[in-house]
Amino acid sequence: QVQLVESGGGLVQAGGSLRLSCVVSGDTFSTYMMGWFRQPPGKEREFVAVITWSGSATKYGDSVKGRFTISRDDAKDTVYLQMNSLKPEDTAVYYCAGRRSVSIYYAPGDYEYWGQGTQVTVSS
């Protein structure tokens with residue numbers, strides 16, 4: 001079965017950086033559109049970033065534009081989220097998600113597979 005495993009979360013001070021990784025196994029990663037979502041405490045899960053199966057296009061949520069970068073390495077079956085200039089409001093559980101698609105999707109319900117999540121905490 002398809003499995004997604006995130007890593008790289010942790011505690012960081014405001015203004016700092018973290019890089020999240022998500023390794024996909026059980027299917028052909030290069031055919032997958034991959035996204036990152038986050039869920040702050042007591043709030044709904046929200047879109048952060050997405051990258052197409054080819055890596056030719058990326059999209060970002062308004063709150064992270066210019067600070068976060070999504071990328072993929074098909075040789076390693078891995079998608080990354082580089083997070084710079086972190087703010088306390090970025091504190092959340094971060095999830096990677098994927099599905100086979102040539103299109104881009106922004107809603108959590110449009111994704112088929114999910115990781116278990118990794119906690120990111122930004123202190124002020």
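Only a predicted model underlies this, so the values are computations on that prediction, with no experimental measurement involved.
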Between [X] (side chain only) and [Y] (backbone N and O only), is there a donor and an acceptor less than 3.5 Å apart?
X      : Y      : answer
Ser85  : Gly15  : no
Glu46  : Gln39  : no
Glu6   : Cys96  : yes
Ser101 : Ser103 : yes
Thr118 : Gly9   : yes

So [Y] and [X], do their side chains get closer than 4.5 Å, heavy atoms only?
X     : Y      : result
Met83 : Val120 : yes
Leu86 : Phe68  : yes
Glu89 : Val122 : no

Derivation and outcome, salt bridge (charged side-chain N to carboxylate O under 4.0 Å, His left out), residues Lys87 and Asp90
CA-CA 5 Å; Lys87 304 175 182 179; Asp90 294 318; over 6 Å; no
Measure from NZ or CZ of Arg19 to the centre of the six-membered ring of Tyr80, then state whether that distance is under 6.0 Å and the direction lies within 45° of the axis.
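The answer is yes; both the distance and angle limits are met.
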Ring-face cation of Arg38 near Tyr95 (centre distance under 6.0 Å, axis angle within 45°)
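That pair does not qualify as a cation-pi contact.
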To the closest 0.5 Å, what do you measure between [atom1] ([X]) and [atom2] ([Y])?
X      : Y     : atom1 : atom2 : value
Tyr111 : Leu4  : OH    : CG    : 11.5 Å
Leu18  : Leu81 : CG    : CG    : 9.5 Å
Lys65  : Arg67 : NZ    : CZ    : 12.5 Å
Asn84  : Thr69 : CG    : OG1   : 6.5 Å
Ile51  : Lys59 : CD1   : NZ    : 12.5 Å
Tyr94  : Cys22 : OH    : SG    : 15.0 Å

Please lay out, stage by stage, how Arg72 and Asp77 fare under the test salt bridge (charged side-chain N to carboxylate O under 4.0 Å, His left out).
CA-CA 8 Å; Arg72 64 189 298 154; Asp77 294 340; over 6 Å; no
Hydrophobic clusters here meaning ILVMFWY residues chained together by side-chain heavy-atom distances under 4.5 Å, can you tell me if [X] and [Y] are in one?
X      : Y     : result
Ile104 : Val64 : no
Trp36  : Met34 : yes
Met33  : Val24 : no

Please determine whether side chain to side chain contact (heavy atoms under 4.5 Å, CB included) holds for the pair Phe29 and Val79, giving the CA-CA distance in whole Å, both sets of side-chain angles, and the decisive distance to 0.1 Å.
CA-CA 10 Å; Phe29 175 72; Val79 61; 4.3 Å; yes
Classify the ring geometry between Phe37 and Trp114 as parallel (under 30°), tilted (30 to 60°) or perpendicular (over 60°).
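Taking Trp114 first and then Phe37, their aromatic rings sit tilted (interplane angle of 30° to 60°).
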Can you say whether the rings of Tyr113 and Tyr32 are parallel (under 30°), tilted (30 to 60°) or perpendicular (over 60°)?
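Tilted.
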Taking NZ, NE, NH1 and NH2 as the nitrogens, is one of them in Lys76 or Asp74 under 4.0 Å from a carboxylate oxygen of the other?
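Result for this pair is no, no salt bridge flagged.
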Show your reasoning for whether side-chain hydrogen bond (donor to acceptor under 3.5 Å, both in side chains) applies to Asp73 and Thr78.
CA-CA 5 Å; Asp73 184 342; Thr78 301; over 6 Å; no
Could you give me the CA-CA distance, side-chain angles and deciding distance for Ile70 and Tyr60, then say whether side chain to side chain contact (heavy atoms under 4.5 Å, CB included) is met?
CA-CA 9 Å; Ile70 188 171; Tyr60 297 91; 3.5 Å; yes
Closest non-hydrogen atom pair between Ser124 and Ala14, with its separation
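Of all heavy-atom pairs spanning Ser124 and Ala14, the closest is CA-CB, 4.4 Å.
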